[in-house]
Amino acid sequence: MAKVLIIGAGGVATVAAHKCAQNPDVFSEIVIASRTKSKCDALAKAIGKPNVITDRVDADQVPELVALFRRHNPDLVVNLALPYQDLTIMDACLECGISYLDTANYEPLDEAKYQYSWQWAYKKRFEDAGITAILGCGFDPGVSGVFTAYAAKHHFSEMQHLDIVDCNAGNHGKAFATNFNPEINIREITQRGKYYENGEWHETDPLSVHKPLTYPNIGPRESYLMYHEELESLVKNYPSITRARFWMTFGQEYLTHLRVIQNIGMASIVPINYNGQDIVPIQFLKAVLPNPKELGENYTGETSIGCRISGKDKEGKPLTYYIYNNCSHHEAYLETGMQAVSYTTGVPAMIGAMMYLKGIWKRPGVWNVEEFDPDPFMQQLNKQGLPWHEIINGDLEL
């Protein structure tokens with residue numbers, strides 16, 4: 001029995017809070033806090049449980065976070081706010097001696113850049129404080145790392161090639177919308193691609209490398225090589241990997257809208273002066289695009305996310321291995337009111353919190369998910385709505 005404090009009230013936080021409330025044997029008390037308390041209140045009302053309370057906090061301000069943590073004294077802080085706020089929340093956790101979990105690595109506000117170095121630099125401070133930080137516990141990053149750890153533990157003596165593949169085959173009926181925070185989503189997609197091969201990182205022009213890949217129950221979808229943060233930790237923690245790549249699907253209509261947004265400067269993160277006031281174009285765009293939280297009701301189709309790995313099995317023989325999950329947008333909406341992209345991130349965040357609170361993933365320092373035992377997490381994926389499947393020695397197509 002433990003108290004968890006969730007920072008954020010968006011789609012992912014909504015799913016995580018619902019799933020925490022479904023597991024009262026672990027989460028006896030749930031606090032939800034964000035900049036806009038009314039959003040937290042609406043979420044608590046939707047959950048409808050007396051053990052869910054709300055508060056307000058500006059997660060950019062360490063003193064506000066410290067005051068929040070001291071008011072509620074949680075056993076774990078789950079950061080489901082913006083990646084810009086990772087470091088302030090980690091600072092507050094250190095000041096209060098409270099463990100930490102997030103779903104995305106820190107990203108500076110003025111530069112679209114994935115890099116774990118800022119958070120890894122906190123490792124000794126968390127060790128000295130005797131508290132745990134679990135980084136990147138969504139789906140990708142998150143489950144993708146757990147899948148890789150599970151493959152290493154049970155199937156491979158040596159992993160050589162790793163491809164993380166992420167397909168959203170859903171249809172929300174909008175001309176253009178992003179499935180999570182538009183600002184973060186567009187920054188992610190428009191930055192240069194990057195992959196790891198033979199000990200070196202190679203960059204590509206944004207979305208310039210692509211090919212059709214076949215996804216279970218979906219079929220072939222054009223998939224684009226991007227950079228994603230879990231590649232950085234996975235090649236560090238599994239040095240036998242000689243090539244690591246990340247692929248994501250996009251429809252042509254989405255890419256056309258994205259190209260126009262870039263061409264007219266609306267994807268820029270550089271402030272401009274408009275009528276005497278500084279505004280950031282991509283933040284203005286976020287304000288006029290559909291809210292990702294409101295896409296779920298009419299969302300059809302499903303996501304398919306997994307890891308395709310090749311190397312040597314436990315006996316040294318060649319092995320190809322594909323482990324994946326498919327998640328229905330409609331079923332996710334019926335359960336939590338959110339679409340599958342939020343669901344596939346929010347459920348693993350809850351499971352990671354459960355692993356910590358049960359003492360299974362509890363170790364002073366700063367850790368990526370693949371550095372813990374994958375088995376209990378994998379068991380909970382099947383129980384909590386994200387069942388996984390394996391294909392051994394099938395065609396990886398890569």
Going by atom types alone, do D140 and H228 pair a side-chain donor with an acceptor below 3.5 Å? no
Are a donor atom and an acceptor atom from the side chains of N23 and Q384 found within less than 3.5 Å of each other? yes
Give a yes-or-no answer on whether the side chains of D395 and Y322 include a donor-acceptor pair shorter than 3.5 Å. no
Run the salt-bridge test on R221 and D166 with the 4.0 Å N-O cut-off and return the result as yes or no. no
If we count only N and O atoms by modelled type, under 3.5 Å, do the side chains of Q283 and K286 hold a donor and an acceptor together? no
Answer with yes or no whether the side chains of Y324 and N217 bring together a donor and an acceptor at under 3.5 Å. no
Given the rule in the salt bridge (Lys or Arg N to Asp or Glu O under 4.0 Å) test, do D75 and K3 qualify, once you have shown the distances and angles that lead to the verdict? CA-CA 5 Å; D75 297 284; K3 179 189 285 190; over 6 Å; no
Using the side chain to side chain donor-acceptor pair (under 3.5 Å) rule, take T132 and Y356 through it: C-alpha gap first, then chi angles, then the decisive distance, then the call. CA-CA 8 Å; T132 302; Y356 172 80; 4.9 Å; no
Would you say the side chains of N326 and S304 form a donor-acceptor pair under 3.5 Å? yes
N168 and side chain to side chain donor-acceptor pair (under 3.5 Å): which partner among H329, E302, Q339? H329
Are the side chain of T344 and the backbone N or O of V341 linked by a donor-acceptor pair below 3.5 Å? yes
Surrounding CD of Q115 (heavy atoms of other residues, nucleotides or ligands, distance under 6.0 Å), is the total greater than 12? yes
Verdict with reasoning, E253 to H257, per side-chain contact (heavy atoms from CB on, under 4.5 Å): CA-CA 6 Å; E253 185 176 7; H257 278 84; 3.8 Å; yes
From the list Y227, Y196, Y195, ring pair (Phe, Tyr, Trp, His ring centres under 6.0 Å) partner of H202 resolves to Y195
At what distance, to the nearest 0.5 angstrom, does CG of D102 lie from CG of L135? 5.5 Å
Check: T36 side chain, S38 main-chain N or O, donor-acceptor pair, under 3.5 Å: no
Will you find, in the side chains of T214 and E397, an N or O donor that is under 3.5 Å from an N or O acceptor? yes
Sidechain-backbone polar pair: R308 side chain, L396 backbone, donor-acceptor under 3.5 Å: yes
With no hydrogens and no angle check, do the side chains of E370 and T148 hold a donor and an acceptor under 3.5 Å apart? no
What do the steps show when you test E335 against K19 for salt bridge (Lys or Arg N to Asp or Glu O under 4.0 Å), and what is the final call? CA-CA 9 Å; E335 183 183 349; K19 299 301 287 192; 2.6 Å; yes
Donor-acceptor contact present, side-chain W361 to main-chain D373, <3.5 Å: yes
When you check the side-chain N and O atoms of W120 and N368, is any donor under 3.5 Å from an acceptor? yes
Does Y116 offer a backbone N or O that forms a donor-acceptor pair with the side chain of E232 under 3.5 Å? yes
I'd like to know whether CD of E331 has more than 12 heavy-atom contacts from other residues, nucleotides or ligands below 6.0 angstrom. no
Verdict with reasoning, V366 to M90, per side-chain contact (heavy atoms from CB on, under 4.5 Å): CA-CA 10 Å; V366 176; M90 291 179 78; 4.3 Å; yes
